[in-house]
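Throughout, a chain's letter reflects where its sequence line sits, starting with A, and its residues are numbered from 1. Hydrogens, waters and symmetry mates play no part in the numbers below; they use all other heavy atoms, side chains included.
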Amino acid sequence: MSEEARKPAGRKKFELDPKLSEYRGIWVFVEHERGVVHGVSWELMGEGRKLADKLGVELSAVVMGSPADDPRKFCREAFVYGADKCYLIEDALLKNYRNQPFTKGLTDLVNAYKPEILLLGATTLGRDLAGSVATTLKTGLTADCTELNIDAEIRSLLATRPTFGGSLLCTIQTLNYRPQMATVRPRVMAMPQRDESRSGAIIEATLSLLETDIVTKVLDFIPDENSNKVNLAYADIIVSGGKGLKKQENFQLVRDLARVLGAEVGATRPVVQSGWVEAERQVGQTGKTVRPKLYIAAGISGAIQHRVGMDSSDVIVAINSDPNAPIFDFATYGIVGNAMTILPALTEAFRKELHGRKAVVA
Amino acid sequence: MLHIVVCIKQVPDSAQIRVHPVTNTIMRQGVPAIINPYDLYALEEALRIKDKFGAYVTVITMGPPQAENALRKALSFGADDAILVTDRAFAGADTLATSFALASAIGQIEKNMPVDLVFCGKQTIDGDTAQVGPGIAKRLELELLTYISSIESVNAAKREIVVQRRSEGGVQVLKTRLPSLITMLEGSNEMRFATMPNMIRAAKTKVSRWDRVAAGIEDVSNIGLKGSPTVVSKVFAPSPKTVKAEMVQTESNDPQDLAASLLMRMFTKFPQVREEIARSAN
Ligand SMILES: Cc1cc2nc3c(=O)[nH]c(=O)nc-3n(C[C@H](O)[C@H](O)[C@H](O)COP(=O)(O)OP(=O)(O)OC[C@H]3O[C@@H](n4cnc5c(N)ncnc54)[C@H](O)[C@@H]3O)c2cc1C
Ligand SMILES: Nc1ncnc2c1ncn2[C@@H]1O[C@H](COP(=O)(O)O)[C@@H](O)[C@H]1O
């Protein structure tokens with residue numbers, strides 16, 4: 001998108017093309033892989049619920065999968081997270097994600113049931129699918145949003161996303177096109193509460209495709225070695241280190257604290273670029289978005305590109321030797337000092353605290 | 001011989017962009033223009049296929065006249081031909097309109113020499129949408145292969161390609177037909193250095209300039225601002241959090257005291273953090 005070339009549109013009176021006013025309701029695409037729904041789908045369900053209530057329309061889930069995945073159970077989960085309806089395509093061709101059958105299935109559903117808003121996670125799968133579906137339907141798509149809202153008067157989705165490396169935000173609308181599409185990164189929206197009493201209607205559709213129609217074949221799937229180990233985006237406690245730790249050996253102090261807390265280890269981009277830790281551990285605009293209950297940042301300046309990935313953490317503790325470091329502008333607690341001495345002291349203090357509690361329990 | 005088209009975009013070096021503190025506008029003066037870093041992985045991968053199997057590599061960009069510099073740079077790395085698609089009518093294009101224009105231009109390229117592979121970067125650092133690649137693929141009915149981390153084999157005779165694709169939690173090995181469109185993952189290779197002969201050739205090669213008619217676009221309703229379903233309705237600075245950190249200090253300011261003081265304050269105000277730690281440390 002070339003926002004730079006475009007001036008913000010003036011507030012002219014807008015009227016929706018009557019042909020498009022039959023598009024109603026909000027859809028969330030439910031992404032799952034190897035039997036597990038990606039958390040971003042439920043986060044979007046929570047957000048979709050709010051938008052649907054503002055528009056006074058139904059919220060629907062879209063589930064596509066092979067019978068082996070038992071996709072019907074994902075529909076039931078979707079109701080628990082706020083959906084009123086679930087559109088379901090169950091077909092063995094949907095066993096592994098492939099662009100062609102998923103694009104066909106989702107596009108056909110949209111053309112048949114006409115939702116006004118369609119939301120997907122900004123994951124590798126979601127971005128692949130969203131771009132293809134938007135082009136096939138010739139409609140607008142706003143990628144990687146951080147905030148969604150509704151202009152109820154003109155039934156328009158207000159999709160806000162960072163631009164120019166996060167230094168500015170822009171709100172984008174898709175006016176005379178339907179559906180209005182947007183993708184949102186994992187962990188940007190909060191996880192909604194479950195409501196076990198909820199249920200809804202499942203609407204089944206078929207995928208009119210044969211395996212021989214599908215050009216791309218999946219030869220193999222190689223799971224990541226540490227895919228079950230590094231789950232930064234969904235960690236509840238994270239200890240992160242920045243360039244202020246000076247050298248790779250000192251990064252061990254971050255790991256030591258993380259071990260005592262049962263926390264995941266995070267890092268800034270320069271730390272990843274220096275090869276101190278794996279790329280999966282980068283937090284920020286070009287890394288992961290996280291929202292743990294506790295985020296401890298040691299030797300991190302708090303640059304905007306790092307901040308956008310972590311400032312929805314519940315409690316942020318910052319350790320920095322510079323009292324004017326930007327991180328102190330948004331942390332919950334700040335300690336001015338040398339991370340190389342504060343980190344071991346914290347590790348010790350938490351260890352004592354935890355042992356103290358254990359002794360009481362025993 | 002294989003014909004590969006690589007889509008590159010000239011972008012401002014976002015590491016050097018500053019926002020004017022009062023007017024919230026982008027201060028571009030003096031910000032150098034670079035080839036979108038992600039597109040270099042695409043170009044390098046195309047050049048590797050050329051080295052291995054023999055291929056003709058055409059680079060294409062849609063942008064203002066000065067984007068020609070990006071194309072010359074690509075020629076100096078070893079691309080064979082370069083096309084600049086430039087027309088005032090393209091201004092204000094969003095991803096749908098951009099992919100329409102590029103797809104149409106690639107359609108014109110194809111008239112001279114069939115295209116087997118189109119390469120794009122994973123995303124741009126200014127637009128950052130990762131949608132232009134999928135858009136081009138759908139319009140030209142190319143097989144779409146996004147987030148490709150490596151190309152295992154290209155069989156020109158059987159018109160088959162095998163690639164590794166990054167997906168959530170693992171890598172898919174996919175086999176598909178040519179023509180296809182690949183968006184290349186970062187870190188998958190490293191851009192070569194320009195060689196002296198290529199630099200000389202790049203300086204001499206004529207970069208073709210195509211306006212919208214040359215790019216095969218008659219109808220202006222699909223391009224530029226008119227062809228863009230999305231409109232930017234507001235640009236603003238993130239609202240700074242007004243609450244600053246509560247600073248933890250002690251008389252001695254020695255690490256043990258600071259640590260103890262932090263724990264006491266934090267656990268008093270946020271007992272749920274204490275519970276979380278007790279749970280996860282087990
Ligand atoms: C397009 C783009 C995307 C980017 N994406 C990301 C991203 O996703 N994630 C990311 O993190 N960054 C990203 N960056 C980089 C970002 O702009 C910053 O450069 C980076 O976050 C800074 O990392 P740092 O805080 O570790 O290092 P520095 O900025 O070098 O800060 C080090 C800090 O440590 C403090 N310090 C020094 N010594 C000590 C000590 N002994 N004890 C305690 N503190 C000490 C210093 O006061 C300083 O505040 C991106 C940049 C660009 C241009
Ligand atoms: N104006 C353009 N000219 C040529 N290629 C482009 C242009 N815009 C985007 N691309 C290609 O599409 C990819 C994805 O761009 P984007 O959707 O903007 O993130 C880029 O990495 C480029 O390969």
So, taking the atom named CG in D329(A) and the one named NZ in K244(B), what distance separates them when rounded to the nearest 0.5 Å?
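Separation between the atoms: 4.0 Å.
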
CG-NZ distance between N222(B) and K138(A), expressed to the nearest 0.5 angstrom:
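That separation rounds to 8.0 Å.
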
Between [X] and chain A, with a heavy-atom cut-off of 4.5 Å, which part of the residue counts as in contact: side chain, backbone, both or neither?
X       : result
L262(B) : side chain
Q249(B) : neither
V248(B) : both
F267(B) : side chain
E143(B) : side chain

Stepwise side-chain hydrogen bond (donor to acceptor under 3.5 Å, both in side chains) test for Q123(B) and R127(A):
CA-CA 11 Å; Q123(B) 65 196 60; R127(A) 286 173 138 207; 3.0 Å; yes

Would L96(B) and Y177(A) satisfy side chain to side chain contact (heavy atoms under 4.5 Å, CB included), going step by step from the backbone distance to the final call?
CA-CA 12 Å; L96(B) 194 77; Y177(A) 297 81; 5.5 Å; no

Quick test of your reading of the model: are R165(B) and D128(A) salt-bridged, counting only N-O distances below 4.0 Å?
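Yes, this pair counts.
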
Give, as side chain, backbone, both or neither, the part of [X] having an atom under 4.5 angstrom from any heavy atom of chain B.
X       : value
E31(A)  : side chain
T139(A) : backbone
V315(A) : side chain
T160(A) : side chain
T347(A) : neither
V308(A) : neither
E348(A) : neither
L294(A) : side chain

Using the ring pair (Phe, Tyr, Trp, His ring centres under 6.0 Å) criterion, which residues pair with F350(A)? Sequence neighbours excluded.
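Expected list: none.
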
Using a heavy-atom cutoff of under 4.5 Å, enumerate the residues of residues 176-186 of chain B that contact chain A, numbered in order, or state 'none'.
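T176(B), R177(B), listed by number.
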
Do the side chains of D220(A) and Q172(B) get nearer than 4.5 Å, heavy atoms only?
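The answer is no; the side chains never approach within 4.5 Å.
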
